[in-house]
Chemist: 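Mind having a look at this structure? Questions to follow.
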Amino acid sequence: MKNPFRPTFGASPRVWVGRQAVLDEFARALNNGPGDPHRSVVISGSRGIGKTVLLTELEDEARRQGWIVVRASGREGMVEALTDSAIPEAVEAVNPGKERRITGVTIAGLGGVRSELTEPRAAPRLVTRLRELLAAIDTGVLITIDEVQDATPDDLTHIAVAYQDLVRDDAEIALSMAGLTQGVNKLLDLPGATFLRRARHYELGPLSLDDATSTLIDTAEGAGRAFELPAAQAAARITQGYPYLVQLVGYLAWEEARGPITLDAVEAVREEAILRLGTQVHQPSLRDVPPRQREYLEAMAHIQSQTGRETISVKDLAVALERPSTGLSDTRSKLIERDLIVSAGWGEVAFAQPYLGDFLRNQNKPRRIS
Ligand SMILES: Nc1ncnc2c1ncn2[C@@H]1O[C@H](COP(=O)(O)OP(=O)(O)OP(=O)(O)O)[C@@H](O)[C@H]1O
Ligand SMILES: [Mg+2]
């Protein structure tokens, strides 16, 4: 039987849990007609928390209601991508062969019309393209933008203007964006982003352990194998509700067990799961961290192992690093911006992803060579 778990970024899980409320609210907003403020949605959260997958669910919901979805990424020039490819392609898909048919008529003898219709116009503005698409359908258009933290302020403003133009005209339009927390918060502060501040904003956190447990059980059962309850509960605790880790632990435990997935199988893969999380998530995110910030993280990891607590006091850090707390606040904000740590209440910080502390501690251990 094929392993049903999907420890891959951007890959929709077989069983998707914990975010149904977001989907329901969006479905209602689409139904409610133009002007519903929840037709614009902003999703933020840490790496691997499930933003892309949620965006895909929103897209699927829109399609279920007959809407057309056009997608862009903040990593590439999104206005250009939308204007020059995504939207024209959608127009072509709903109106196949339109251009060709017109050309055909021209050949039949309508003279000058031909060049007028097929000549490339100066890049039409995004809003013009969107109007073309809206005119070709009798439903609506959802624009989705992933990795929005990497978008340029210019591009974002451009999209904001186009979107607001259409909303003002009561067009059937919706917009969903997803990105890393700090990047998204920065964009929300831009002067041109007023409309984004009015959007429905969801900050995604980890899944509840109950939700994690039931995804594990349902995913395995859906593929014909039992995930024993105590095993699933233990696995959920290992994952701390972090969605990527849910898929990873599930995947490894499925491979480990021959038949039903037992507690033994889960215990057997625990270490491997954390190791893989390290190479897949932690290592790349630490790659360009400058020495000052690295020291801070290592001090956090050290204090964590001594106190056994998930959160670390800024005062303890100041002592460990032999610097005044005020002198460390800049380093702290840079690490927050990198999505490596989060502020955890008054005077406390915590790692942004599970097992990052373990990863840092293991890196400093001398390798034993047999
Ligand atoms: N609600 C969920 N239930 C079960 N598994 C989930 C859920 N959401 C996400 N996952 C799983 O978690 C992993 C990460 O999801 P996703 O790629 O959406 O994260 P992300 O927040 O977009 O990460 P990044 O910031 O790196 O882009 C995937 O393997 C996905 O299948
Ligand atoms: Mg993503």
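Ligands are counted one by one from 1 in listed order, and the atoms in each one are counted from 1 as well. The structure displayed is predicted, hence computed values, not measured ones. All values below were derived from every heavy atom in this structure, side-chain atoms included, with hydrogens, water molecules and symmetry-related copies excluded.
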Chemist: Can you pull the side-chain hydrogen bond (donor to acceptor under 3.5 Å, both in side chains) pairs that have at least one residue in residues 305-314, sequence neighbours excluded?
Modeler: R309-T311, R309-E348, T311-E348
Chemist: Tell me which protein heavy atom sits closest to atom 30 (C) of ligand 1, plus the residue, atom name and distance to 0.1 Å.
Modeler: A11 O, 3.4 Å
Chemist: Below 3.5 Å, can you tabulate the donor-acceptor pairs from side chains in residues 281-288 to any protein atom, sequence neighbours excluded?
Modeler:
residue : atom : partner : partner atom : Å
H282    : NE2  : P354    : O            : 3.1
S285    : OG   : V281    : O            : 3.1
S285    : OG   : H282    : O            : 2.9

Chemist: Should one rank P284, G10, G48, P243 by closest heavy-atom distance to atom 7 (C) of ligand 1, which comes out on top?
Modeler: P243
Chemist: Flag G18 as yes when one of its N or O atoms lies below 3.5 Å from any N or O atom of ligand 1, and as no otherwise.
Modeler: no
Chemist: Have a look at Y244, Y251, W16 and point out the one with the heavy atom closest to atom 13 (C) of ligand 1.
Modeler: Y244
Chemist: What residues form a ring pair (Phe, Tyr, Trp, His ring centres under 6.0 Å) with Y296, not counting sequence neighbours?
Modeler: none
Chemist: Without hydrogens or angle criteria, can the side chains of D146 and T52 be said to hold a donor-acceptor pair below 3.5 Å?
Modeler: yes
Chemist: Would F9 count as a polar contact of ligand 1, with the cut-off being nitrogen or oxygen pairs under 3.5 Å?
Modeler: no
Chemist: Using a plain distance cutoff, I'd like to know if R47 has any nitrogen or oxygen under 3.5 Å from a nitrogen or oxygen of ligand 1.
Modeler: no
Chemist: Under 4.0 Å, heavy atoms only, figure out whether ligand 1 is touched by the backbone of V246, its side chain, both or neither.
Modeler: neither
Chemist: Nearest to atom 8 (N) of ligand 1, what protein heavy atom do you find, and at what distance?
Modeler: G50 CA, 3.7 Å
Chemist: Where does V15 meet ligand 1, judged by heavy-atom distances below 4.0 Å: at the side chain, the backbone, both, or neither?
Modeler: backbone
Chemist: Around the Mg ion (ligand 2), list the protein N/O/S atoms within a radius below 2.8 Å, excluding water molecules.
Modeler: T52 OG1
Chemist: Please state which protein non-hydrogen atom is closest to atom 25 (O) of ligand 1 and give its distance, to 0.1 Å?
Modeler: K51 NZ, 2.7 Å
Chemist: I'd like to check whether R6 has a polar contact with ligand 1, where a contact means an N/O of the residue lying under 3.5 Å from an N/O of the ligand.
Modeler: yes
Chemist: Please list the nearest protein heavy atom to atom 11 (C) of ligand 1 with its residue and the distance rounded to 0.1 Å.
Modeler: Q247 CG, 3.7 Å
Chemist: With a 3.5 Å cut-off and no angle check, do the side chains of T331 and Q293 form a donor-acceptor pair?
Modeler: no
